Number of protein chains: 2
Amino acid sequence: MLLANADIDTSEALTERQKAVLDAALRLLVEEGDHLTMTAVAGRASCSKETLYKWFGDRDGLLTATVQWQASKVRVAQVDGKGLDLASLAASLERFASDWLKVISSDTSIALNRVAVGHAGSGKDNLGAVVLENGRFALAKRLKPVLEAGRHAGLLDFADAETAFRTFFGLVARDVQIRLLLGDRLELTEATIGGDAARATQQFLALYGAKPGRGL
Amino acid sequence: MLLANADIDTSEALTERQKAVLDAALRLLVEEGDHLTMTAVAGRASCSKETLYKWFGDRDGLLTATVQWQASKVRVAQVDGKGLDLASLAASLERFASDWLKVISSDTSIALNRVAVGHAGSGKDNLGAVVLENGRFALAKRLKPVLEAGRHAGLLDFADAETAFRTFFGLVARDVQIRLLLGDRLELTEATIGGDAARATQQFLALYGAKPGRGL
DNA sequence: GCCGAACCGTAACGTACGGTACGGCTCGCC
DNA sequence: GGCGAGCCGTACCGTACGTTACGGTTCGGC
């Protein structure tokens, strides 16, 4: 398993001022990508470089703190499955799908993922792990209970929740994230996202919906 | 539509020596990611920096040439659908899925995509477009005729080939590519890839296989 | 055998940027 | 009112690297 404990609450004693600085860094990250310089961050945040280095150690530390700071904010909404029937299950799934599509198509997410991908493999920091843990893995942690509840209520039929989740993930995200990361202009309007979420949900239910006498 | 014409044959008059240099650059790219320096490439390729600049203009030119050089090599195998029945269609799809998984999990593809993602949004070059065109879009171009053939043979039922393709793409790739790009250690053995390809194919056929009286 | 073109190896230049140092300001505290 | 901590602004340092320049070598053509 990659990554030690990147999902522990990461707002570890950040002062308001520090959060403001990280917000500035984040904005700059969205605008300039990995090109941001310490000087630019200091300028944008109206703080001195000395402070930056005192608070965050070095450039990587600042980057990591920024990514964690944002990552801790983007958790997809919790949806719990009380009184589950097929309609509410479908609604929950659709909600997850829609939220997820909105997240991965947001400027912030794209910028963060770009930086994290760029840094992955250089071993220097673990931005990739942070992003992964707060993105894909956090989503799984939220969604799996819903799937389990659906199975328990006899609405879903699957052997392995992980596999089912990954299928759902694939049906929702398809080629969207990689295309956006690679710079493809993919206009995702509210409407398209809604349609895609509904389609993905229907397809998932077609594959995993419990129908008497069904394999796979 | 993003990207002008990155899929025109890109081996445009490259001498053997130049190809060798690009291969060296490619190896370095896999090893060091975007950290590669002109000096390092020159060293690895046993050529002078002057030559590098003469041939490729500048660093971005070298990077672009390297990416194009590799991209032009990784096309997934052509599969044409002659005498189509359900078994051969499934076999074709499975083959595509398997090939694609092998591609996106290869060191080279990961390195290339990382660099391209890192450069996307900086506007400076269009590595992202090149990778996209030779990856996801090339795959679509190869696969769609198969899907159309399947539909024509009454084996598949879909309204829009693009949508069907994207669903297949999602079922095959799921979270694999983004996890790999973000540095997750995801062991993809020959066996898992085979299994995933089969599963994705079965799921796709379950969704789009022509059965009398089926909507969606 | 001579010439020029292409290329190698290396040295040199300029700059951008990470990181550090320091003087001055503000402000809570005694 | 004095004092020290924390921070701002800025100047400064060192280095890595993109880019250029140049002397030396190889080699095909005459």
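In this text, all values refer to a predicted model and were calculated from it rather than measured experimentally. Lettering follows sequence order; numbering is per chain, from 1.
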B:F56 CZ to C:dC7 C1': how many Å, rounded?
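To the nearest whole Å, that distance equals 14 Å.
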Short N-O contact, B:R59 and B:D125, less than 4.0 angstrom
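Salt bridge: no.
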Which of parallel (below 30°), tilted (30 to 60°) and perpendicular (above 60°) describes A:F168 and A:F204?
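Answer is perpendicular, since the angle exceeds 60°.
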Just to be sure I understand the geometry, which residues of residues 27-39 of chain A put a non-hydrogen atom under 4.0 Å away from DNA chain D?
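Residues of residues 27-39 of chain A that come under 4.0 Å of DNA chain D do not exist, since none gets that close.
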Residues A:L180, A:S105; criterion side-chain contact (heavy atoms from CB on, under 4.5 Å); working and verdict
CA-CA 7 Å; A:L180 289 174; A:S105 63; 3.8 Å; yes
Positional range of nucleotides in DNA chain D within the contact set of chain B, heavy-atom, under 4.0 Å:
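Result: D:dC17 to D:dC22.
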Could you provide the dot-bracket string of DNA chain D, using ( ) for intrastrand pairs, [ ] for crossing pairs and | for bases paired to another strand, with Watson-Crick or G-U pairs below 3.5 Å?
||||||||||||||||||||||||||||||
Please report the interatomic distance CD(B:Q70) to CG(B:D23), rounded to the nearest 0.5 Å.
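Going from the CD atom of B:Q70 to the CG atom of B:D23 covers 8.0 Å.
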What pairs of residues pass the salt bridge (Lys or Arg N to Asp or Glu O under 4.0 Å) test when at least one of them lies in residues 161-183 of chain B, not counting sequence neighbours?
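Every pair satisfying salt bridge (Lys or Arg N to Asp or Glu O under 4.0 Å) with a residue in residues 161-183 of chain B: A:R136-B:D175, A:R166-B:D175, A:D175-B:R166, B:R136-B:E162, B:K144-B:E162, B:R174-B:D196, B:D175-B:R179, B:R179-B:D184.
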Would B:S98 and B:V172 count as a side-chain contact (heavy atoms from CB on, under 4.5 Å) if you check the C-alpha gap in whole Å, the side-chain angles of each, and the deciding distance to 0.1 Å?
CA-CA 8 Å; B:S98 169; B:V172 173; over 6 Å; no
Would B:I104 and B:L101 count as a side-chain contact (heavy atoms from CB on, under 4.5 Å) here? Give the steps.
CA-CA 5 Å; B:I104 65 175; B:L101 285 172; 4.1 Å; yes
Pick out the pairs of N or O atoms, protein on one side and nucleotides 20-24 of chain C on the other, that lie under 3.5 Å.
unit_1: C:dC22; atom_1: N4; unit_2: A:E50; atom_2: OE1; d: 2.7
unit_1: C:dC22; atom_1: N4; unit_2: A:E50; atom_2: OE2; d: 3.4

Would A:R44 and A:E31 pass as an ion pair if we require N to O under 4.0 Å?
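Salt bridge between A:R44 and A:E31, a charged N being under 4.0 Å from a carboxylate O: yes.
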Test A:L127 against A:D60 for side-chain contact (heavy atoms from CB on, under 4.5 Å), laying out the working first.
CA-CA 9 Å; A:L127 292 185; A:D60 279 329; over 6 Å; no
A:D58 CG - C:dC17 P separation (whole Å):
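Distance, rounded to whole Å: 17 Å.
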Name all pairs fulfilling the ring pair (Phe, Tyr, Trp, His ring centres under 6.0 Å) condition that reach into residues 16-36 of chain B, sequence neighbours left out, sorted by first residue then second.
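Pairs touching residues 16-36 of chain B that pass the test: none.
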Quick one: do A:D99 and A:R142 make a salt bridge, cutoff under 4.0 Å?
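A:R142 and A:D99: not salt-bridged.
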Taking 4.0 angstrom as the limit, do B:E133 and B:K141 come out as a salt bridge?
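Yes.
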Nearest-0.5 Å distance, CZ of residue A:F165 to CG of residue A:L143
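Interatomic distance, A:F165 CZ to A:L143 CG, rounded to 0.5 Å: 6.0 Å.
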